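Heavy atoms only: backbone and side chains are in, while hydrogens, waters and symmetry mates are out. Source: prediction; values computed, not measured.
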Amino acid sequence: MSVTAATWRPGDPGPTAPGRPGGPPARFARPPLRGLRWVGWALAGGLPLAFLVVFFAYPVGAIVGRGFVTDGALDLSGFAEVFGRARTWRVVGLTLGQAAVGTALAVVLGVPGAYLLYRTTFRGRGLLRAFVVVPFVLPTVVVGVAFRSVLAPSGPLGFLGWEESFAGVVAALVFFNYAVVVRTVGAFWADLDPRAEQAARALGATPWRAFTSVTLPALTPAIASAAAIVFLFCATAFGVVLVLGGLRYGTVETEIWVLTTQMLDLRGAAVLSVVQLVVVAGVLAVAGGARRRRERALRFTAPRREVPPLALRGPARRTGDVVAAAVTGVVVVGLLGLPLGTVLVRSFREPGGGWGLANYVNLGTTGGRNTLNVTVWEAVATSLRTAVDATLVAVLVGGLVALVVSRRPRARGAARAVRLFDALFMLPLGVSAVTVGFGFLVALDRPFGLDVDLRTSPLLVPLAQAVVATPLVVRTVLPVLRAIDARLHDAAATLGAGPARVLRHVDWPVAARSLGLAVGLAFAVSLGEFGATSFLARPDRPTLPVVIFRLIGRPGAENLGMALAACVLLGAVTAVVMALAERLRSGGEQW
């Protein structure tokens, strides 16, 4: 007997079939058992954590242990010994000074660029945005060679006398990190609610007064977040400082390299690694707090307003537009364009005089007096294979980390655990890549007592590069996942969808927007990684950054010309990769 709506009572079968008009909503397939959900999330968090422990914490711990353990007992006398040296205090002071000045200049120059590229519109804006990002993804060795060419006595800015100077190193650091400020502050600025600024202008405030009283305080979380990350990158710079500053203007990062490779002073290197780790943890805490304030501020913003056209002349001329255009023009031409253009032009200067393609032809050789064990083209092939392997690992691990961290558990303990999980995977950004690379050599000989020597594995270099690239993948994918409305998850769960189906139908379509950029960043970072690779790359299988460093370290015009040509090649490949990544990405300005 059928049941009608008039005779239906609670507990009886529904009057109509599920999903039909008047009936209960259609449901997904029955969700899996609750225990299986916990197993899935445990695997999603456990696999990246195992990767971090084996390929980051264990090697770094091995180096630190060798510095602080003597005859099986803990020995902390190394701190007094290392900090009793005048050189240590000079290196620490230089590190903090270069990082502070570089960060301040990057913020001062980057805020006008953020306004120009995100608060105004003009022809060629997209191309200019892409060009601004190129320096950040360039290999550090290429940046060092570029500024070395500009600041050399025969270079365009040789009259400044900045070769191997504090000012030269700071200029290179600003060149490298300018894009961080522009993209971070610009993306936030584009989403600010315009009504507060409009109200200030309506009450008679001048444009400058409205900016300093309303807009600038609202931008503080984004500026603080960008400044913290720039300070971190400046304080841990390796390739740029090593090429430009040498031992005279070294930092803690380069000092760890010197103590490890030239003096074999593992205790001193361990002390400096611990100091660097403490500083990095503090900076990451500041950056995390600023990032959370930025995310909270964006939750209550109005829809993005229409971007006005750039006004440089006529009745609509705005002073802010003129100032931003002038500052950004000087930065783009003088700071960004001049070093890159100098390397490009000098790469066509032949060793014997005149102009031609001799340097590019010589890339098929091993350099003057057989400086290299392989040709540059063979090193290019090695770099590409290594970068592909590292990118696959970094995207897999970083994607799982972003997925776990994007959850918003209601329990206070679980929320703290998620934040701690996020912070742990940011540590490779600030720990010396030199320490990681040397730790691989020390710790991966029979790791954890296993009868296997991972140091002979061809995967050693890709794994080290993946450790460095994983935090950038997390920071690229995570904002997109966090932007998903939690009500979508609740609705899918109410309809009976299990975690796997929610991931497939809710999270994945949104996360795929940032996948292209994540792949591009991971590939570019792996392609140009130098700190750890300088330890791990075998002489018969060097990567391109290692080859460039060897070429500039050998005398002879032929070697220098090959190094410049190799820099152009590496920079061009990196730029093409990032351009493709930007085109593959759809939607969103978060970076």
Side-chain angles (χ1 to χ4, degrees), residues 51 54-56 58-60 62-63 66 139-142 238-239 242-243 254 256-262 264 266 269 362-394 428 432-447 450-469 522-554 559 562-563 566-567 569-570 573:
F51 173 83
V54 174
F55 298 111
F56 176 72
Y58 185 63
V60 172
I63 293 295
R66 292 213 171 189
T140 56
V141 174
V142 175
F238 176 64
L242 189 64
V243 173
T254 58
I256 293 173
W257 181 79
V258 170
L259 293 176
T260 304
T261 60
Q262 299 183 16
L264 297 179
L266 294 185
N362 290 338
L363 296 182
T365 69
T366 56
R369 298 181 181 180
N370 291 324
T371 300
L372 307 173
N373 295 326
V374 298
T375 67
V376 174
W377 291 115
E378 291 173 325
V380 170
T382 300
S383 292
L384 293 176
R385 288 194 301 267
T386 303
V388 169
D389 295 338
T391 300
L392 292 175
V393 176
S432 169
V434 173
T435 302
V436 175
F438 194 68
F440 269 44
L441 294 180
V442 171
L444 297 185
D445 175 17
R446 294 181 176 83
L450 300 176
D451 189 17
V452 57
D453 187 358
L454 294 179
R455 297 177 301 178
T456 61
S457 172
L459 292 177
L460 198 63
V461 175
L463 288 173
Q465 294 178 353
V467 170
V468 177
F523 189 88
V525 169
S526 301
L527 193 64
E529 204 284 322
F530 175 67
T533 308
S534 63
F535 277 91
L536 303 176
R538 300 181 59 174
D540 58 334
R541 288 199 300 267
T543 60
L544 191 52
V546 174
V547 164
I548 293 173
F549 185 73
R550 290 178 183 173
L551 286 172
I552 63 176
R554 300 292 191 274
N559 291 331
M562 288 178 60
C567 285
L569 180 63
L570 184 55
V573 172

Run the side-chain hydrogen bond (donor to acceptor under 3.5 Å, both in side chains) test against Asn559 and tell me which residues pass, sequence neighbours left out. Thr371
Just jot down the side chain to side chain contact (heavy atoms under 4.5 Å, CB included) partners of Ala464, sequence neighbours excluded, or say none. Phe440, Ala532, Leu536
Heavy atoms of Ala394 and Ala522 approach each other most closely as CB-CB, 4.3 Å
Side-chain heavy-atom pair Val468, Pro428 within 4.5 angstrom cut-off: no
Spacing of CD belonging to Glu378 relative to CG belonging to Leu372, to within rounding of 0.5 Å: 10.0 Å
Sequence neighbours excluded, which residues qualify as side-chain hydrogen bond (donor to acceptor under 3.5 Å, both in side chains) partners of Thr533? Gln465, Glu529
Residue pairs involving residues 379-390 (criterion salt bridge (Lys or Arg N to Asp or Glu O under 4.0 Å); sequence neighbours excluded): none
Nearest heavy-atom neighbours spanning Ala269 and Leu259: N-CD1, 3.7 Å
Please list all pairs meeting side-chain hydrogen bond (donor to acceptor under 3.5 Å, both in side chains) that have one or both residues in residues 538-548, counting only residues at least two apart or in different chains. none
Nearest atoms (heavy-atom pairs only) where Ala443 meets Tyr58: O-CE2, 3.4 Å
When rounded to the nearest 0.5 angstrom, what is the spacing between CG in Leu459 and CZ in Phe55? 8.5 Å
Shortest non-hydrogen pair, Ser534 vs Trp257, comes out as OG-NE1, 4.4 Å
Taking every non-hydrogen atom, the tightest pair across Ala537 and Pro542: CB-CA, 4.1 Å
Quick one: does Thr366's side chain get under 4.5 Å of Asn373's, heavy atoms only? no
Taking the side chain as everything from C-beta on, heavy atoms only, tell me whether Leu384 gets closer than 4.5 Å to Phe523. yes
In Å, rounded to the nearest 0.5 Å, how long is the span from CZ of Phe530 to CG of Leu242? 6.0 Å
Suppose we screen for side chain to side chain contact (heavy atoms under 4.5 Å, CB included). Which residues come up paired with Ala566, at least two apart in sequence or across chains? Leu363, Val376, Leu544, Ile548
How would you list, by chain and number, every residue that makes a side-chain hydrogen bond (donor to acceptor under 3.5 Å, both in side chains) with Thr365, sequence neighbours excluded? none
Closest non-hydrogen atom pair, Ala563 against Ile552: CB-CG2, 3.5 Å
